[in-house]
Structures are given as structure tokens and as C-alpha cells.
Amino acid sequence: MGIGGGANESHIPMIGIFDSGIGGLTTVRAIMQKLPGYDILYYGDTARMPYGSKSPETVRQYALENTRFLVERGARIIVIACNSAASTAMDAVTQTFDLPVFEVVNPAVEAAIAAPLPPRIGVIGTRATIASGVYEARIKALQPNATVHSVPCPLLVPLVEEGWLDTPETTRIVKKYLHPLKTKQIRTLILGCTHYPILKELIQKKIGKSVRIIDSGSCVADTVVRYLAQNPQMDARLEKNGEHRFFVSDITAQFQRSARTMLQGPIHLTHVRM
Ligand code: DGL
């Protein structure tokens with residue numbers, strides 16, 4: 001039996017979302033657009049980010065702690081809005097907590113193979129996500145004839161966090177990372193990191209207009225919408241007062257600025273210690 005069921009019933013039932021930091025706010029934004037009015041509880045583990053350069057064991061431990069934080073404050077469904085955590089900790093989270101858990105990898109894979117395009121798929125993500133091989137394994141499981149080319153892009157998260165979105169340096173780095181994927185003539189590119197949608201325009205420009213870009217955060221939002229439509233009892237349990245609460249484990253002026261960029265709107269971050 002998981003530990004999700006009985007936790008703090010006095011808290012308002014909400015959708016709980018976590019990321020290593022503030023990149024997951026791009027997923028929150030997609031969920032807010034697709035499920036307007038639903039109460040959302042967000043936890044960004046800014047004190048311990050990045051996850052993308054940490055070992056699977058450490059990321060698993062953090063993912064369990066983050067989930068517990070959300071469940072104890074009323075989360076009734078969990079969205080892992082971090083590819084690094086999803087690719088290493090999904091099983092640990094679902095085995096430990098007795099509630100629906102969604103993550104960013106599977107919905108992106110399903111969207112990538114659904115397109116009637118030659119299955120030459122590129123994946124970009126953090127080192128942890130790419131090293132896990134999770135995208136390649138799941139794509140191949142569903143579409144064995146697909147070719148998958150994966151490239152770790154470790155510099156993109158710090159560039160996004162710094163707000164270097166359209167500087168010449170960022171443009172050059174994106175171009176360099178995407179070069180091997182261009183030469184493989186990929187037709188679909190999965191943004192396997194929730195920070196990357198902020199660079200989507202630049203990435204599209206550098207990979208070419210004909211490549212279809214899949215944003216993993218936006219895909220998971222569609223999955224949650226479908227789940228709630230198919231599970232009206234769970235849907236009825238979730239509060240819909242339009243309340244959005246954002247917790248972070250560390251707070252700086254830079255985090256505040258980046259959070260506004262990620263959410264593309266005003267946001268109030270609350271600092272908590274676990
Ligand atoms: N946003 C996280 C992800 O989707 C990456 C950030 C990090 O490395 O902590 O993988």
C-alpha cells in the first residue's frame with residue numbers, strides 16, 4: 001500500500017506538479033491553459049537543482065521527497081514535470097505513492113510516433129535523461145523501425161535559468177548541439193527537458209522549419225486532460241477555485257525572474273524548507 005491515500009485530508013485536493021527547479025513551470029503553464037480554474041500546487045526544488053547532472057539514486061530520492069511534500073499538502077494527482085526525474089524515478093514514485101502519477105516522457109513519445117512522418121526522431125535533454133536511454137527504449141518499444149538520435153545539451157538549462165534566451169552565445173550553442181541531428185535528417189524533435197520550450201523558437205529556427213517539435217510538458221498536459229475526462233470521480237474531487245500555489249526550496253531574485261519567464265506571467269514564489 002502506498003502512502004498517498006490518507007495524507008492530510010484537510011488540505012484542498014489539488015493537482016501537484018514538481019520539477020527540479022522552475023523549468024516545470026512551462027508544464028504548469030500548459031496545464032493552466034488546458035485546465036483553467038483547477039487548483040495547482042507546484043514544488044520546484046531550486047535548492048538542489050540541477051538534477052540532470054546527478055546520479056539516478058539521488059534523483060530518485062529527491063523525486064520521492066518532492067512527491068511526499070505535494071501529497072502532504074493536498075495533491076491528489078502528481079505530475080512529474082522534470083524529464084530527469086521522470087526518466088529515473090517514475091517507478092519509484094508509482095510504487096511508493098497510491099495515487100495517479102503522470103510524467104513527461106511517455107506522452108511525448110506517443111505524440112512523436114503518432115505523426116505520419118518517417119520515424120527519424122531526435123531527442124534533446126539533460127545528461128541524466130539522455131544517459132537513461134528512456135526515450136529511445138520507449139520509442140522503440142512502440143515503433144521498432146524508428147531511428148532515434150539523442151543528444152545531451154547540458155548547457156541549455158543554465159542558459160535558460162540565466163535568461164540568455166536570444167544571445168549570440170546561446171544561438172551558437174543551440175546550433176552546435178543540433179548539428180548532429182540535422183545531419184541525420186530527423187523529422188521530429190522531442191524537447192526532453194521542461195526548460196527547453198522557452199527556447200523553442202530558436203530551436204525551430206536552427207533545426208529547420210520542416211522538423212516537428214514536440215514539447216514534453218505540453219503533451220503531459222493533454223494526458224492529464226484526457227485522464228480527468230475518463231475519470232469523472234477523480235475530476236470531481238479536485239478543487240477548481242483557480243488557486244495556484246508555487247513553492248520552492250530556495251529563492252533568489254534570479255529564480256523570481258526566471259519563474260516569470262517560464263510561466264510567462266506574474267508569479268509569487270513561496271520559500272519552504274523540507
Ligand atoms: N527541467 C529539468 C528536466 O526536464 C532539467 C533541469 C535539471 O537538470 O535539473 O529535465
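No hydrogens, no waters, no symmetry mates; every other heavy atom, side chains included, goes into these values. What you see is a predicted model; the values in this text were computed from it and never measured. Both ligands and their constituent atoms are indexed starting at 1 by order of listing.
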(message) If the threshold is 4.0 Å, N to carboxylate O, is there a salt bridge linking E65 and R48?
(response)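 Salt bridge flag = yes for R48 with E65.
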(message) I'd like to know if K240 and D39 make a salt bridge, using a cut-off of under 4.0 Å between side-chain N and carboxylate O.
(response)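 Salt bridge absent between K240 and D39.
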(message) Test: side chain to side chain donor-acceptor pair (under 3.5 Å). Region: residues 102-119. Which pairs qualify, not counting sequence neighbours?
(response)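 Residue pairs with at least one partner in residues 102-119: E103-N106, N106-R138.
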(request) Apply ring-ring contact (aromatic ring centres under 6.0 Å, His included) to Y62 and list each qualifying residue two or more places apart in sequence or on a separate chain. (result)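 Y62 satisfies ring-ring contact (aromatic ring centres under 6.0 Å, His included) with Y51 only.
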(request) Examine the proximity of ligand 1 to D19 and report which part, side chain or backbone, both or neither, has a heavy atom under 4.0 Å away. (result)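 Within the 4.0 Å criterion, D19 contacts ligand 1 through side-chain atoms alone.
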(request) Report the part of S20 (side chain from C-beta onward, or backbone N, CA, C, O) that has a heavy atom under 4.0 Å from ligand 1; answer both or neither where that applies. (result)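 Under 4.0 Å from ligand 1, S20 contributes side-chain atoms alone.
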(message) As an exercise, identify every atom of ligand 1 less than 4.0 angstrom from a heavy atom of T126.
(response)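 Listed by number with element: 5 (C), 8 (O), 10 (O).
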(message) Within the 4.0 Å heavy-atom shell around Y51, which atoms of ligand 1 are there?
(response)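 Taking each heavy atom of Y51 in turn, ligand 1 has 7 (C), 8 (O), 9 (O) under 4.0 Å.
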(message) Students should be able to answer this: which protein heavy-atom is nearest to atom 10 (O) of ligand 1, and at what distance?
(response)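 It is S84 OG, 2.8 Å.
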(request) Could you tell me the residue and atom name of the protein heavy atom closest to atom 8 (O) of ligand 1, and the distance to it rounded to 0.1 Å? (result)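 That would be G52 N, 2.8 Å.
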(message) When you measure from the side chain of S216 to the backbone of V105, do you find a donor-acceptor pair of N or O atoms at a distance under 3.5 Å?
(response)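 Not a single qualifying donor-acceptor pair exists.
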(message) Against ligand 1, does G21 come closer than 4.0 Å with any heavy atom?
(response)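 For ligand 1, residue contact (heavy atoms, under 4.0 Å) with G21 is absent.
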(message) Could you check whether Y43 and F69 have their ring centres less than 6.0 Å apart?
(response)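 Centroid separation for F69 and Y43: below 6.0 Å.
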(request) Going by heavy-atom distance to atom 3 (C) of ligand 1, choose the closest among L191, N83, T26. (result)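 Ranked by closest heavy atom to atom 3 (C) of ligand 1, first place is N83.
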